[in-house]
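Worth saying up front: this structure is predicted, and the values here are computed from it rather than measured.
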Amino acid sequence: MSKFFKKLNYNIIKYSLKINKFINRNSLFQESGYCGLNDVRKKLNCKRLSIQLHKNDDKEQLFKILPLLADSGIEVEIIEFDKILEDKDIKELKGFAPKIKVNFRYMLDANYTGNNVETSYNIKTYSKIIDKIECLTKTAKMNFSQLEEQIMFIINQLSEYISYDDSNQSNKEQYKKKSSLTGALLDRKSVCIGYAMAFERCMNNLNVESKIIQGTVNPGKKMLEKDDGGHAWNIVKINGKWYNVDITALSVYKQIAKLESTEVNKIEEHNLIQKYILSDDKNFTNHYKLEDNGISCKESLKGRFKIYENVRRYKNILEGYDKGRKNNMLQIKLDTNNLSSKGKKNELLSIQEILEIMDSRNEEK
């Protein structure tokens with residue numbers, strides 16, 4: 001759409017909404033309507049409007065239109081198919097249109113029960129999720145120079161922060177919440193798709209290509225005993241090569257060990273890493289894609305056991321975030337001139353040191 005037609009479209013919407021103020025809204029307005037971004041002007045007689053957003057749409061045009069709709073009392077939901085809204089966009093939306101809902105559609109390769117997963121959030125809730133994702137990914141980038149380390153750090157952190165919970169499946173609303181970023185990163189209780197979404201969003205923040213895969217598993221021993229076979233996991237692209245990632249499997253194992261008050265068995269843990277974390281298709285046993293997406297994971301990541309042993313030593317960043325250590329990670333890095341007692345002046349601090357400093361500062365307050 002040219003600049004002329006964009007301006008014309010905006011003016012039509014603006015003056016149409018002004019005219020609507022002089023008519024009987026209750027008698028003339030429809031309850032709800034759906035449209036694309038370029039057709040909003042045709043649906044201004046709706047009380048609730050769902051706007052479908054695709055990758056070729058103009059975000060600038062969207063941000064001009066939304067305040068007009070919000071000021072006119074129209075409830076707006078953005079249905080986002082291609083994840084073109086960045087974190088900064090969500091924060092901007094929160095500033096001028098906090099009541100808007102965003103419905104992310106995760107486009108999956110399989111057409112099993114449809115080819116997308118619907119996850120709807122209000123702006124305020126999604127902003128909380130974004131803050132946690134930023135905290136985790138920024139900490140990873142601050143403390144690890146290699147992309148492989150950053151990704152493994154995030155895998156381990158999510159596996160320890162989120163608990164697998166597939167109870168109360170008959171309660172559709174509750175189970176839907178567990179199948180979302182809200183369940184995974186706010187409630188800390190999720191099923192496999194929640195883990196997969198959380199990892200995918202973290203990779204998006206790292207500018208790393210990843211996908212959510214829908215499929216089935218063959219439950220074995222303790223892992224996913226109650227699962228009826230439906231499952232979701234990720235694949236991630238590192239240096240041009242694809243690798244399998246099933247964070248749910250690692251998380252469930254750690255959860256069981258914690259419930260049974262037993263130490264994590266290093267051999268069993270390494271077997272899990274070998275099979276399910278940054279692994280090739282050969283090792284990735286008992287996982288079956290519902291449809292072939294044409295992507296093969298031909299080899300496992302070299303050195304992943306050593307990388308995992310390094311990242312697993314660190315405390316959980318998100319647990320610290322929940323206790324009030326919010327948005328301090330980068331500030332700590334820039335504040336090292338005041339940390340001469342640590343002997344780390346002008347050097348990058350480790351995660352352990354960051355958490356210790358935050359604890360001491362909270363005690364001082």
Side-chain angles (χ1 to χ4, degrees), residues 1-107 116-133 172-174 176-177 179-183 185-187 197 201:
M1 186 182 288
S2 68
K3 288 184 178 180
F4 172 79
F5 284 108
K6 286 179 184 178
K7 187 174 182 179
L8 178 63
N9 187 52
Y10 173 81
N11 286 331
I12 290 173
I13 293 172
K14 181 179 178 180
Y15 292 111
S16 295
L17 290 171
K18 283 186 177 182
I19 292 171
N20 284 344
K21 290 183 179 180
F22 298 99
I23 65 176
N24 188 334
R25 296 167 62 98
N26 291 330
S27 63
L28 296 180
F29 270 42
Q30 299 176 8
E31 283 298 318
S32 61
Y34 295 84
C35 65
L37 180 59
N38 294 329
D39 295 322
V40 170
R41 65 185 183 278
K42 300 177 183 179
K43 296 290 183 178
L44 298 179
N45 62 333
C46 298
K47 296 178 182 178
R48 291 184 296 275
L49 182 59
S50 297
I51 304 173
Q52 296 182 0
L53 194 64
H54 297 275
K55 63 182 178 181
N56 293 325
D57 286 329
D58 187 344
K59 287 191 290 186
E60 184 179 345
Q61 182 188 7
L62 175 70
F63 289 165
K64 285 183 178 179
I65 292 173
L66 287 178
L68 297 176
L69 300 175
D71 291 343
S72 298
I74 298 176
E75 295 179 26
V76 178
E77 177 188 43
I78 301 171
I79 302 178
E80 222 243 274
F81 283 93
D82 298 298
K83 296 194 289 295
I84 70 169
L85 290 180
E86 301 174 21
D87 292 351
K88 62 181 181 180
D89 299 325
I90 298 296
K91 290 180 179 179
E92 187 176 344
L93 286 175
K94 182 184 176 183
F96 65 76
K99 293 184 179 180
I100 287 177
K101 290 184 179 180
V102 179
N103 187 335
F104 291 102
R105 298 296 177 92
Y106 283 80
M107 304 303 290
N116 65 76
V117 175
E118 178 182 345
T119 56
S120 184
Y121 311 94
N122 61 50
I123 293 295
K124 186 176 180 181
T125 298
Y126 192 66
S127 294
K128 291 180 180 178
I129 293 169
I130 286 174
D131 287 342
K132 283 196 174 183
I133 291 171
K172 292 184 178 180
E173 284 302 312
Q174 193 177 81
K176 185 177 180 180
K177 195 175 183 182
S179 304
S180 70
L181 289 171
T182 302
L185 294 176
L186 296 186
D187 298 339
M197 288 178 179
R201 279 285 162 174

(request) Quick one: pull up NZ in K59 and CG in L93 and give me the separation to the nearest 0.5 Å. (result) 10.0 Å

(request) Please name the pair of heavy atoms, one in I79 and one in S50, separated by the smallest distance, quoted to 0.1 Å. (result) CD1-CB, 3.9 Å

(message) Can you tell me how far apart NZ (K177) and CD (E173) are? Round to the nearest 0.5 Å.
(response) 10.0 Å

(request) Search all heavy atoms of L49 against all heavy atoms of C35 and return the closest pair with its distance. (result) CD1-SG, 3.8 Å

(request) Look only at the side chain of K132 and the backbone of L185, and say whether a donor-acceptor pair between them is shorter than 3.5 Å. (result) yes

(request) Working to the nearest 0.5 Å, report the span between CG of L66 and CG of D71. (result) 10.5 Å

(message) Check this for me: K128, atom NZ, are more than 12 non-hydrogen atoms of other residues, nucleotides or ligands nearer than 6.0 Å?
(response) no

(message) Are D57 and L62 packed together at the side-chain level, in the sense that at least one heavy-atom pair is separated by less than 4.5 angstrom?
(response) no

(message) Quick check: closest heavy atoms across Y34 and K43, and the distance to 0.1 Å?
(response) O-CE, 3.5 Å

(message) Quick check for you: to the nearest 0.5 Å, what is the distance between K88 atom NZ and I130 atom CD1?
(response) 12.5 Å

(message) Quick check against the 3.5 Å criterion: does S180 have a side-chain atom that pairs as donor or acceptor with the backbone of T182?
(response) yes

(message) I want to check something: taking the side chain as every heavy atom from C-beta on, are L186 and L181 in contact at a cut-off of under 4.5 Å?
(response) no

(message) I need the minimum non-hydrogen distance between S127 and K94, along with the two atoms involved.
(response) OG-CD, 3.3 Å

(request) Grab the two heavy atoms, one from N103 and one from E77, that are nearest each other, plus how far apart they are. (result) ND2-OE2, 3.3 Å

(request) Supply the atom-to-atom distance M197 CE to S179 OG, rounded to the nearest 0.5 angstrom. (result) 7.5 Å

(message) Looking at every non-hydrogen atom in both residues, tell me the closest pair between D58 and L37 and how far apart they are.
(response) O-CD2, 3.4 Å

(message) Walk me through whether I90 and Y126 qualify under side-chain contact (heavy atoms from CB on, under 4.5 Å).
(response) CA-CA 8 Å; I90 298 296; Y126 192 66; 3.6 Å; yes

(message) Return the NE2 to CD distance between H54 and E80, rounded to the nearest 0.5 Å.
(response) 10.0 Å

(message) Is the shortest side-chain heavy-atom distance between K91 and D131 below 4.5 Å?
(response) yes

